[in-house]
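This structure is in structure tokens; I'll ask about it shortly.
Just so you know, these numbers use all the heavy atoms, side chains as well, and skip hydrogens, waters and symmetry mates.
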Amino acid sequence: MLDVVCNPRYGDYKDFDILKRGAVLDIIQDVAIRDSAMCGYDVKKLKDISIAWLMQGIKIQFLDEVSTNCPLQVFTAVKNMSAAASERCTTISQDGKSVVRCVANWFTFNIQKGRVCKIPDEIRSAYQMHDFDDDFFVYEKPELIDGVECSYKIKVANKDIDTNMHLNNQKSAEMLLDALPFEYKFGTMTVFYKKAAFLGDELDVCVKKMSDGYYVHLANSENEICVVGRFTDVM
């Protein structure tokens, strides 16, 4: 588990006082990677043993606006591990007040064999589990919606590709966020990664206004959904 203090970056400001909603994606990914490295499994070590952690889904809730004028206290830990999957939870606080909480589902992938694999025992034993007893910290993937029309197209660029050579999960979530009205402040976002996209793929960005927020998905040229996001209004 990792408990760190970090400061917002200027490029993440929405205005002088408020952090962009999407900026927390970077923070959550960064602390997860740092925690894994502290457990002895940084990106290089995982590559050496032909293992990659891939995210299947993430749920983030904003309990308050995130200020640009105050350091962020970020805590992350693994909640549990099953055969091939792991649940990682993260909380972000400012001035002792919780402002963001998150739960993400990850699974281990054998790079050489190109398929999901069991979490190796040495990796399992390297992580200390932490109990998150709030009902929020249970991930449920969003439902798919049929008949949603394409709003515009986007091409997967070099900057969007990660070390696994496909569209990075964080970058695809940012693409979903870009489809929302700039002034829209969602309370909760839930994202599910269904199929990999690759460099040069042209994706349809499909958006539907719902009674309580927005539905967005990215689909490839075969009309297969790659990633889906559900954004609900602040309660």
Worksheet item: Given the rule in the side chain to side chain contact (heavy atoms under 4.5 Å, CB included) test, do Tyr214 and Lys209 qualify, once you have shown the distances and angles that lead to the verdict?
Response: CA-CA 5 Å; Tyr214 285 86; Lys209 179 73 174 72; 3.2 Å; yes
Discussion item. I'd like to check the side chain to side chain donor-acceptor pair (under 3.5 Å) partners of Asn105; sequence neighbours left out, ordered by chain and number.
Written reply: none
Worksheet entry | Residues forming a side-chain contact (heavy atoms from CB on, under 4.5 Å) with Ala85, sequence neighbours excluded | Ser82
List, one per line, each side-chain donor-acceptor pair under 3.5 Å for residues 37-61, sequence neighbours excluded.
from, atom 1, to, atom 2, distance (Å)
Asp42, OD1, Lys44, N, 3.4
Asp42, OD1, Lys45, N, 2.8
Lys44, NZ, Asp48, OD2, 3.2
Lys59, NZ, Phe136, O, 2.8
Lys59, NZ, Val138, O, 2.9
Gln61, OE1, Arg101, NE, 2.7
Gln61, OE1, Arg101, NH2, 2.9

Practice prompt. Please check if atom CD in Glu122 has more than 12 non-hydrogen atoms from other residues, nucleotides or ligands closer than 6.0 Å.
Written response: yes
Worksheet item: For Asp15, what residues pass the side-chain contact (heavy atoms from CB on, under 4.5 Å) criterion, not counting sequence neighbours?
Response: Asp17, Ile18
Worksheet item: Which pair of non-hydrogen atoms, one from Met1 and one from Met129, has the smallest distance, and what is that distance?
Response: CE-O, 4.0 Å
Practice prompt. Verify the cluster assignment for Ile161 and Met175: are they in a single hydrophobic cluster under the rule of side-chain heavy atoms below 4.5 Å apart?
Written response: yes
Item to complete: If a pair satisfies ring-ring contact (aromatic ring centres under 6.0 Å, His included) and one of its residues is in residues 137-159, list it, with sequence neighbours excluded.
Response: Phe132-Phe137
Discussion item. Between Leu218 and Val205, is the side chain to side chain contact (heavy atoms under 4.5 Å, CB included) condition met? List the steps.
Written reply: CA-CA 5 Å; Leu218 308 179; Val205 183; 3.7 Å; yes
Discussion item. Could you measure the distance from the OG atom of Ser93 to the CG atom of Asp64? Nearest 0.5 Å is fine.
Written reply: 11.0 Å
Worksheet item: In Å, rounded to the nearest 0.5 Å, how long is the span from CG of Leu25 to NZ of Lys20?
Response: 12.0 Å
Item to complete: Output yes when a side-chain donor or acceptor of Asp35 lies under 3.5 Å from a complementary backbone atom of Ala32, and no otherwise.
Response: no
Worksheet entry | Arg124 atom CZ: more than 12 heavy-atom contacts under 6.0 Å | yes
Fill in: Single-linkage hydrophobic cluster Val5~Ile92, side-chain heavy atoms < 4.5 angstrom
no
Discussion item. Taking atom NZ as the centre, does Lys79 end up with more than 12 heavy-atom neighbours from other residues, nucleotides or ligands that are less than 6.0 angstrom away?
Written reply: yes
Item to complete: Can you see which heavy atom on Ala77 is nearest to which on His130, and at what distance?
Response: CB-CB, 3.5 Å
Item to complete: Could you check if a side-chain atom of Tyr127 sits within less than 4.5 angstrom of a side-chain atom of Ser36, using non-hydrogen atoms only?
Response: yes
Response to the item:
Between Lys171 and Leu167 the two heavy atoms that sit nearest each other are CB-CD1, 4.1 Å
Fill in: Straight-line distance of Asp26 CG to Asp12 CG, nearest 0.5 Å
6.0 Å
Worksheet item: Should the pair Asp212-Arg230 be classified as a salt bridge under the 4.0 Å nitrogen-to-oxygen rule?
Response: yes
Worksheet entry | Residue list, side chain to side chain donor-acceptor pair (under 3.5 Å) with Glu87, at least two apart or on another chain | Asn80
Fill in: Spacing of CZ belonging to Phe62 relative to OG belonging to Ser98, to within rounding of 0.5 Å
11.5 Å
Item to complete: Could you tell me the separation between the NZ atom of Lys97 and the SG atom of Cys70, rounded to the nearest 0.5 Å?
Response: 11.5 Å
Worksheet item: Can you list every pair that meets ring-ring contact (aromatic ring centres under 6.0 Å, His included) and has a residue in residues 84-117, with sequence neighbours left out?
Response: none
Using distance only, find each side-chain donor-acceptor pair of residues 180-187 under 3.5 Å and give its atom names and separation, not counting sequence neighbours.
from, atom 1, to, atom 2, distance (Å)
Tyr184, OH, Asp233, N, 3.3
Tyr184, OH, Asp233, OD1, 2.6
Lys185, NZ, Glu65, OE2, 3.1

Worksheet item: Is it the case that one hydrophobic cluster holds both Val24 and Val74, taking links as side-chain heavy atoms less than 4.5 Å apart, direct or via other members?
Response: yes
Worksheet entry | Atom CG of Asn7: over 12 foreign heavy atoms under 6.0 Å | yes
Worksheet item: Are the side chain of Thr76 and the backbone of Leu2 linked by a donor-acceptor contact shorter than 3.5 Å?
Response: no
Response to the item:
Cluster membership besides Ile111, Ile/Leu/Val/Met/Phe/Trp/Tyr side chains within less than 4.5 angstrom, sorted by chain and number, is none
Practice prompt. Taking the side chain as every heavy atom from C-beta outward, state whether Gln73 and Asp3 have any atom pair closer than 4.5 Å.
Written response: yes
Discussion item. For a quick test of reading the model, state the closest non-hydrogen atom pair linking His217 to Ile145 and the distance between them.
Written reply: CE1-O, 4.2 Å
Worksheet entry | Distance-minimising heavy-atom pair for Cys117 and Thr108 | O-OG1, 2.8 Å
Response to the item:
Residues at least two apart in sequence or cross-chain that pass side chain to side chain donor-acceptor pair (under 3.5 Å) with Ser172, listed by chain then number, are none
Worksheet item: What about Val227 and Tyr215, same hydrophobic cluster or not, with Ile/Leu/Val/Met/Phe/Trp/Tyr joined at side-chain heavy-atom distances under 4.5 Å?
Response: no
Fill in: Pairwise distance CG(Leu203) to CD1(Ile225) - rounded to 0.5 angstrom
12.0 Å
Worksheet item: Would Val228 and Leu176 show up in the same hydrophobic cluster when neighbours are defined by side-chain heavy atoms closer than 4.5 Å?
Response: no
Item to complete: Check for a donor-acceptor pair, side chain of Asn220 on one end and backbone N or O of Glu222 on the other, with a separation under 3.5 Å.
Response: yes
Worksheet item: Does Tyr13 sit in a hydrophobic cluster with other residues, and if so which ones, taking ILVMFWY side chains as linked at heavy-atom separations under 4.5 Å, directly or through other members?
Response: Tyr10
Item to complete: Could you tell me whether Asp134 atom CG has more than 12 heavy atoms of other residues or ligands within 6.0 Å of it?
Response: yes
Which donor-acceptor pairs under 3.5 Å do side chains of residues 191-201 form with protein atoms, sequence neighbours excluded?
from, atom 1, to, atom 2, distance (Å)
Tyr193, OH, Asn169, O, 3.0
Asp201, OD2, Phe198, N, 2.8

Discussion item. With side chain to side chain contact (heavy atoms under 4.5 Å, CB included) as the criterion, how do Val216 and Phe231 come out once you've worked through the C-alpha distance, each side chain's angles and the decisive distance to 0.1 Å?
Written reply: CA-CA 8 Å; Val216 188; Phe231 303 86; 4.1 Å; yes
Worksheet item: What's the shortest heavy-atom distance between Ser67 and Pro8, and which atoms?
Response: O-CG, 3.9 Å
